[in-house]
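Side-chain atoms are counted along with the backbone in the values below, which use heavy atoms only and exclude waters and symmetry mates.
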Amino acid sequence: MKTVNIAIDGPAGAGKSTIARSVASELGYIYVDTGALYRTIALYMNENGMSETADIINALDKCEVGLKYIDGQQRVFLGDRDVSEDIRKPEISMGASKVSAIPEVREHLFNVQKKMAEENDVIMDGRDIGTVVLPDADVKIFLTASAEERANRRYKELALKPDCPSYDEILKDIIERDYNDMNRPIAPLKQADDAVLVDSTTLSLEQVVETIKKIILDKTGVK
């Protein structure tokens, strides 16, 4: 039986993970957070003091990245260690942008992502899902928001933490990451030709979830 694959792409801080997770839960699909996979590799490199591309490539075989579903929630593992919270630190976000530009890293994770899509009805989010990983996805969505609104959301998310960066620092990081993601030579961030654009700048979380859910149901013909 053919599986249903949904691709959600977009820039950092657009809310892809939160939205995709909510929609997947409501529709009964498996949610695959591809960004978490890259973040986990970045965490491994950061903890082991690796910054040179050659060192990162040589260490890939030792970097066992995996996703597990525990009590219905996706958890991210580095070997036997649950790193779901560790990979959300700002410095790891920037590291993920760097490692995701390395072709060998993308190839290392490509098969993991494809296998999940072949075996399950999935909603997969990232930067190049609709253009590279799942070019034949049943539904493709490009979710975005202004850089200022994305920075504001991220600042509110981190505000209660003692080491929270300033709004200006977060905005600077988002603008820098947008540039890096859109200009990397391998699988740059861009909207697929057949993707539906959803701009969430002025929408609430609930409105975005309902908008994307309707797009999926309309395009797949599921009632």
Side-chain angles (χ1 to χ4, degrees), residues 1-10 14-44 60-88 96 99-100 102-143 186-187 189-196 198 208-209 212-223:
M1 183 176 177
K2 183 185 180 299
T3 57
V4 177
N5 294 169
I6 311 299
I8 300 181
D9 290 309
K16 298 185 301 298
S17 298
T18 301
I19 300 300
R21 187 181 294 109
S22 296
V23 175
S25 177
E26 292 193 25
L27 297 181
Y29 291 1
I30 295 294
Y31 166 57
V32 180
D33 179 1
T34 62
L37 301 176
Y38 288 101
R39 285 170 178 265
T40 304
I41 290 182
L43 176 68
Y44 180 85
L60 285 175
D61 288 341
K62 303 174 186 176
C63 188
E64 298 178 15
V65 180
L67 300 177
K68 297 180 182 179
Y69 292 86
I70 301 173
D71 296 329
Q73 297 295 317
Q74 176 186 269
R75 306 297 295 178
V76 189
F77 283 78
L78 178 56
D80 295 328
R81 171 186 163 205
D82 186 337
V83 296
S84 303
E85 277 70 47
D86 294 337
I87 62 173
R88 298 301 169 184
V99 301
S100 66
I102 301 173
E104 288 83 355
V105 171
R106 305 197 71 83
E107 182 65 28
H108 181 70
L109 295 176
F110 183 78
N111 293 332
V112 175
Q113 298 168 39
K114 291 289 287 186
K115 188 172 187 293
M116 289 180 176
E118 289 169 357
E119 297 177 350
N120 304 279
D121 293 337
V122 300
I123 293 182
M124 190 177 294
D125 76 279
R127 302 288 187 279
D128 63 343
I129 308 306
T131 54
V132 177
V133 180
L134 299 177
D136 298 320
D138 299 271
V139 182
K140 299 177 186 178
I141 293 167
F142 193 85
L143 177 63
I186 304 297
L189 166 67
K190 64 179 180 179
Q191 181 178 341
D193 293 338
D194 52 348
V196 179
V198 176
V208 180
V209 169
I212 290 180
K213 191 167 68 171
K214 184 177 186 304
I215 292 170
I216 293 172
L217 294 177
D218 288 346
K219 284 187 169 289
T220 59
V222 176
K223 304 298 181 182

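Within the 3.5 Å criterion, the main-chain N or O of Ala117 finds a donor-acceptor partner in the side chain of Asn5. No donor-acceptor distance shorter than 3.5 angstrom exists from the side chain of Thr131 to the backbone of Ala192, with no hydrogens or angles considered. Checking side-chain atoms of Asp9 against main-chain N and O of Gly130 turns up a donor-acceptor pair under 3.5 Å. Here the side chain of Lys140 pairs a donor or acceptor atom with the backbone of Pro135 at under 3.5 angstrom. Formation of a donor-acceptor pair under 3.5 Å by the Asp125 side chain with backbone atoms of Ile8 is not found in this model. Checking side-chain atoms of Gln113 against main-chain N and O of Val133 turns up no donor-acceptor pair under 3.5 Å. Side chain of Thr40 to backbone of Ala36: a donor-acceptor contact under 3.5 angstrom is found. Listed for the Arg39 side chain is a donor-acceptor partner under 3.5 Å among the backbone atoms of Ile87.
Atom-to-atom distance recorded for Leu217:CG and Glu26:CD is 9.5 Å, nearest 0.5 angstrom. The distance from atom CD of Gln74 to atom OG of Ser17, rounded to the nearest 0.5 Å, is 8.0 Å. Atom CD1 of residue Ile102 and atom OH of residue Tyr38 lie 10.5 Å apart, to the nearest 0.5 angstrom. Distance check: Leu78 CG to Asp82 CG gives 10.5 Å after rounding to the nearest 0.5 Å. Taken from NZ in Lys16 to CZ in Phe142, the straight-line distance is 8.5 Å, to the nearest 0.5 Å.
In this structure, Val65 and Val112 have side chains that are not in contact, with every pair of non-hydrogen atoms separated by 4.5 Å or more. A heavy-atom distance below 4.5 Å is not found between the side chains of Ser100 and Val105. The closest side-chain heavy-atom distance from Ile216 to Leu27 is below 4.5 Å. No side-chain heavy atom of Val132 sits under 4.5 Å from any side-chain heavy atom of Arg106. Side-chain contact between Thr34 and Leu109 is absent, with no heavy atoms from C-beta onward closer than 4.5 Å. Two residues are said to be in side-chain contact when any heavy atoms from C-beta on lie closer than 4.5 Å; Tyr29 and Val122 fail this criterion. Residues Asn120 and Thr3 fail the side-chain proximity criterion, which asks for heavy atoms closer than 4.5 Å. Counting heavy atoms from C-beta on, the side chains of Met124 and Lys114 never come closer than 4.5 Å.
Dense packing is recorded around CG of Asp194, with more than 12 heavy atoms of other residues, nucleotides or ligands lying under 6.0 Å away. Heavy atoms from other residues, nucleotides or ligands lying under 6.0 Å from NZ of Lys219 number 12 at most. Within 6.0 Å of CD in Glu64 there are 12 or fewer heavy atoms belonging to other residues, nucleotides or ligands.
Of the charged side-chain nitrogens involved, at least one lies within less than 4.0 Å of a carboxylate oxygen, so that Glu119 and Lys115 count as a salt-bridged pair. Between Asp136 and Lys2, none of the side-chain N atoms (NZ, or NE/NH1/NH2) sits under 4.0 Å from a carboxylate O, so this pair counts as no salt bridge.
Nearest approach of Ile186 to Pro103, heavy atoms of both residues: CG1-CG, 3.6 Å.
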Carefully, step by step, assess Val208 and Leu143 under the rule side chain to side chain contact (heavy atoms under 4.5 Å, CB included). CA-CA 9 Å; Val208 180; Leu143 177 63; 4.0 Å; yes
Full working for side chain to side chain contact (heavy atoms under 4.5 Å, CB included) between Val76 and Asp86: CA-CA 10 Å; Val76 189; Asp86 294 337; over 6 Å; no
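Side-chain contact, Tyr31 with Ser22: no donor N or O sits under 3.5 Å from an acceptor N or O.
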